[in-house]
Each structure stands twice: as C-alpha cells, then as structure tokens.
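Worksheet for the structure shown next.
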2 protein chains.
Amino acid sequence: MKNTKARIIAAAANVAVTKGVQNLTIDAVAEEAGLSKGGVFYHFASKELLLLGMVQALVDHTETMVQAHRAADTEAGGWLRGFIRASLAEDAEDVGSIGQLSVGFLTAAANDASLLAPMNDRQPQWRDAINHDGIDPVRAQIIRLAADGLWINDIMGVPVLDAEERAKVIERLGHMTWPDYKEG
Amino acid sequence: MKNTKARIIAAAANVAVTKGVQNLTIDAVAEEAGLSKGGVFYHFASKELLLLGMVQALVDHTETMVQAHRAADTEAGGWLRGFIRASLAEDAEDVGSIGQLSVGFLTAAANDASLLAPMNDRQPQWRDAINHDGIDPVRAQIIRLAADGLWINDIMGVPVLDAEERAKVIERLGHMTWPDYKEG
DNA sequence: ATGACTATACCGACTGGTCGGTATAGTCAA
DNA sequence: TTGACTATACCGACCAGTCGGTATAGTCAT
C-alpha cells in the first residue's frame, strides 16, 4: 500500500508535535503509526529518508495549496496570496497538518541542513513565481519573508505577536499583494 | 575566571556552525574551547544550561547592538533600523558572531522549545519597542518579521534570495522604517 | 612561617542509557 | 508466491553526565 508511507509521515509529524522533537524516534513513530519498527524500516530505509519525506510532504502541501488558490485567483499577487494562506492558514483545519509538517521541517533543519534539500530545490521556482507575480518584486519578497518569519516564530513558539496583531499583520500582508497598494 | 563561560559559549557556537548541529556534543565543545569535558561541566552543569546560555548570549548580543545603534539614531524607526542591522549585519564581521550564535538558537529550538525561554522572555519588550517606534505598528511588525524570515532562512541555508535581491530587500526594509515612507 | 584547610578550576576514565539499524522467523491477504 | 508486513531479540556507536582525583592560590590560627 502506497498509502502507508503517507501514514508514517503523518505519524512522525504527530509525534514531533505531541512528544517533542527530541522524542521523534523510530520506535515512537512506529507506535503512533500502528506499525512495528520493522514495518517503518520497510518503507523508509533510514531515519534520514523519513525526515526527507517529511520535508517533501511540506513542500508538496504548500505547492498544492498555492495551486488550488490560484485556480480561483488569477490576478496579480495571486501566488503570494496563496502562499500566505498556505503557510499561515488562518482559516482552516489545515492548521493541523501544516503545523505538524512544519515541526518536521524544523527537526530536519536541526539534524542536518542537507535534509532540507527538497525545500531548497524548489526555491528557484518559488523565487521566480514571486518575482513575476505582477507586483514590485522587492515588495513581493518582503511579503514572502514576513510570512516565513511569522510561520517560523509560530513553529518555535516565540510569542512575537498577540492574536490581534497577528490578524492585522496577515490582513496587511494580503493588502500588500495587490499591485495598487499604497502605504499609509 | 568569569571569562571561561563566554569562551565555552563561543566554542559551542563555533562547533555548531563548523561541524553541524548534530555534532554539537560536550566533547566537541570541550575540545574547541581547549578544555576537558569535566571542565565544561564545571561551568555548565548540563547541556541544557549551555544551550540556554547560548540563547541568552544571542538575545544580549541583539539588544546590545540595537542599543548601540539607537545611541546614534534617535529618530522614529530607529529601533527597527537597529534590529535590522543587528540581525542581518550586512556590514560587519559581526556576521561571524551573530551567525554562530544563531545556529545555537536553532539547536536549542530543535532540542526543546523551552530552551528558547531567554528569547521568549524578551518578546514583550521587543513588541513594545516595535509598537512605539514612531511608525505604523503593523508596518513595523512586518519589517521585523521580514527581517526574522531572512535571518532564519540564512541560518537554515534555504536559498530564498540571491545576493542582489537580498541587498535590495534589506535596503527597502530600511526605507520602510521611516515614517514618511510611501510605497511605489 | 609552617601546616591545616578551603575554594576554584579543571582533568579524563568510566557508566548507563538511548536509539538507529540489523537479523530472523513467521503471518496473511490477494 | 509475492508483497506487506508482525514480533522480538539483539548490536554497537554515541553521548550526557558522574566521580575521584589533581593543581594552585589563598586564608589563618598557632
């Protein structure tokens, strides 16, 4: 079953979020996924491959959500609006899946920067999309970076904003994605 | 000697950056600092305390740099300009120290979110400074988040921007810190 | 001024536990 | 009969933390 791999990744993400990153062990993942240790290794020959799979899942998830958003929003700035929704997910139970995947991302980054390859590989495409989203490229990059900043602070649990500020920031970032946005 | 603690922290940061986070062991730190394992434990009773010390050092470093900048720039937006310089350090060999400390921060975050306490504890003050820096608070938060985003992507080695884009983004963020900034 | 004692800083062999990974024999559904 | 596992036992590297000991400089009562 191809599906089991996804189940293992979901289980790993869940373990990372509930038990903490330092307890993301193969045994814990196996238990969470309802498999034996051998079963996990049957699908992922090493922990490294599992971590890579988690990062890949996050990338896929993000790109899928952006693509879905673009289907209904083909105007200038649409890629960025999709990206904001995908990574900040203010409006859905997607919060669960993306939040968990994200912790996996952090785990990977901490263990070994090379595990971020699936993410790094997509950066040229993302940069290209951002630079050609129909608005000023520098502003576009800043919007993306601010979304990243909010996202990573969320993952790490650093309280940079309260709920009200957060809502306002996300709203403003949305406004900034429109070509005719004027500061002030 | 009070100094040895700082030397150990510097050594730990250096190990994290050169050997990778997963090789940040007490043995490696000891060797880097020119001490024995026991010597390290004499100053930091546990690895956790060492990690906390590293995060604290990053916070201190950031606040010191912001403070230094503010001494020469008391105008509106000055805190943010100091923060940008402190965390993005485009112009100094401070790049070394802050970059290394930052990797320690990431290590701490990955091992256990509670190790970020020294950083989390300062967020209320930072938020207050940002909200009262003399410019629109929402824009101010976005500037800070974008700086964070660029910073963390740097630490993780995710290639979000090329050198030219990076320079332009930092320049733009600087412009945005002024009260009379207008988009376009 | 000498011997007893204390504080500080540090050494490094060792222990104990964790965890990724391996091995093997067997189950069971399609 | 092959693919997808289960169950369990085990290996061995790695690493945080321990602990008995060493070195040195200073204190202080006699």
Side-chain angles (χ1 to χ4, degrees), chain A residues 1-56 103-104 106-117, chain B residues 1-56 103-104 106-117:
Chain A
M1 212 170 283
K2 181 71 172 9
N3 204 337
T4 305
K5 268 184 118 150
R7 213 175 79 232
I8 294 172
I9 287 176
N14 205 39
V15 168
V17 121
T18 58
K19 304 222 196 305
V21 166
Q22 75 275 29
N23 294 316
L24 183 64
T25 65
I26 300 291
D27 288 289
V29 171
E31 188 185 348
E32 180 75 23
L35 293 180
S36 69
K37 192 175 182 177
V40 172
F41 274 111
Y42 181 82
H43 291 281
F44 294 95
S46 69
K47 188 178 186 181
E48 187 174 336
L49 286 170
L50 172 56
L51 259 4
L52 281 168
M54 293 174 78
V55 175
Q56 185 67 58
V103 175
L106 184 59
T107 311
N111 278 332
D112 184 349
S114 73
L115 296 178
L116 298 183
Chain B
M1 216 170 281
K2 180 72 170 14
N3 205 336
T4 305
K5 270 184 118 150
R7 211 175 81 230
I8 293 171
I9 287 176
N14 204 42
V15 168
V17 122
T18 58
K19 303 222 197 305
V21 165
Q22 77 276 28
N23 294 316
L24 184 65
T25 64
I26 300 291
D27 287 288
V29 172
E31 189 184 350
E32 181 74 23
L35 292 181
S36 70
K37 195 172 192 174
V40 172
F41 274 111
Y42 179 79
H43 291 281
F44 294 95
S46 69
K47 188 178 186 180
E48 187 174 334
L49 287 169
L50 172 57
L51 259 4
L52 281 169
M54 293 173 78
V55 175
Q56 184 67 58
V103 176
L106 183 60
T107 311
N111 279 330
D112 184 350
S114 72
L115 296 178
L116 298 183

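The shown structure was predicted, so the numbers you read here are calculated from the model rather than taken from an experiment. Hydrogens, waters and symmetry mates are skipped; everything else that's a heavy atom, side chains included, is used.
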How far apart are the C-alpha atoms of Leu115(A) and Thr107(A), what are their side-chain angles, what is the distance that settles it, and do they pass the side chain to side chain contact (heavy atoms under 4.5 Å, CB included) test?
CA-CA 9 Å; Leu115(A) 296 178; Thr107(A) 311; over 6 Å; no

How long is the line joining CG of Leu24(B) and P of dC14(D), in whole Å?
16 Å

Please determine whether side chain to side chain contact (heavy atoms under 4.5 Å, CB included) holds for the pair Phe44(A) and Ile9(A), giving the CA-CA distance in whole Å, both sets of side-chain angles, and the decisive distance to 0.1 Å.
CA-CA 10 Å; Phe44(A) 294 95; Ile9(A) 287 176; 3.8 Å; yes

Does His43(B) have a side-chain nitrogen or oxygen under 4.0 Å from the phosphate oxygens OP1 or OP2 of dT8(C)?
no

Separation between CG (Asn111(A)) and CG (Leu24(A)), nearest 0.5 Å, reads 8.5 Å

Presence of Thr4(A) side-chain N/O under 4.0 Å of dC5(D) phosphate oxygens OP1/OP2:
yes

What's the CG-C1' distance between Asp27(A) and dT6(D), to the nearest Å?
14 Å

Could you check which of dA9(C), dG3(D), dT6(D) has an atom nearest any side-chain atom of Leu35(A)?
dT6(D)

Spacing of Asp112(B) atom CG relative to dA16(D) atom P, expressed in whole Å
15 Å

5'-most contact on DNA chain C: Phe41(A) or Gln22(A), nearest heavy atom basis?
Gln22(A)

Of the listed nucleotides (dT6(D), dG20(C), dC10(C)), which one gets closest to any side-chain atom of Ile26(A)?
dG20(C)

pair_partner(dC14(D)), Watson-Crick or wobble, both distances < 3.5 Å, evaluates to dG17(C)

Do Lys37(B) side-chain and dG17(D) base share a donor-acceptor contact under 3.5 Å?
yes

For dC11(C), the Watson-Crick or wobble partner whose two distances fall under 3.5 Å:
dG20(D)

When the distance from CD of Glu48(A) to P of dC19(C) is rounded to whole Å, what number comes out?
18 Å

At what distance, to the nearest 0.5 angstrom, does CG of Leu49(A) lie from CG of Leu51(A)?
9.5 Å

Measure from the side-chain heavy atoms of Lys47(B) and tell me the nearest of dC10(C), dA16(D), dG20(C).
dA16(D)

Can you check the Ile8(B) CD1 to dA9(C) C1' distance for me, whole Å?
11 Å

Taken to the nearest whole Å, CG/Leu50(A) to C1'/dG21(C) is 14 Å

Find the distance Lys5(B):NZ to dC10(C):P and express it as a whole number of Å.
12 Å

Nucleotide nearest Ser36(A) when distance is taken to its side chain, options dG17(D), dA7(D), dC10(C):
dA7(D)

Is the phosphate of dC10(C) approached by Tyr42(B) (side-chain N or O, under 4.0 Å from OP1 or OP2)?
no

To the nearest angstrom, how far is Leu51(A) atom CG from dG20(C) atom C1'?
12 Å

Please check the phosphate of dA16(D) (OP1 and OP2 only) for any side-chain N or O of Ser46(B) closer than 4.0 Å.
no

Does either side chain, that of Asp112(A) or that of Ser114(A), offer a donor lying less than 3.5 Å from an acceptor on the other one?
yes

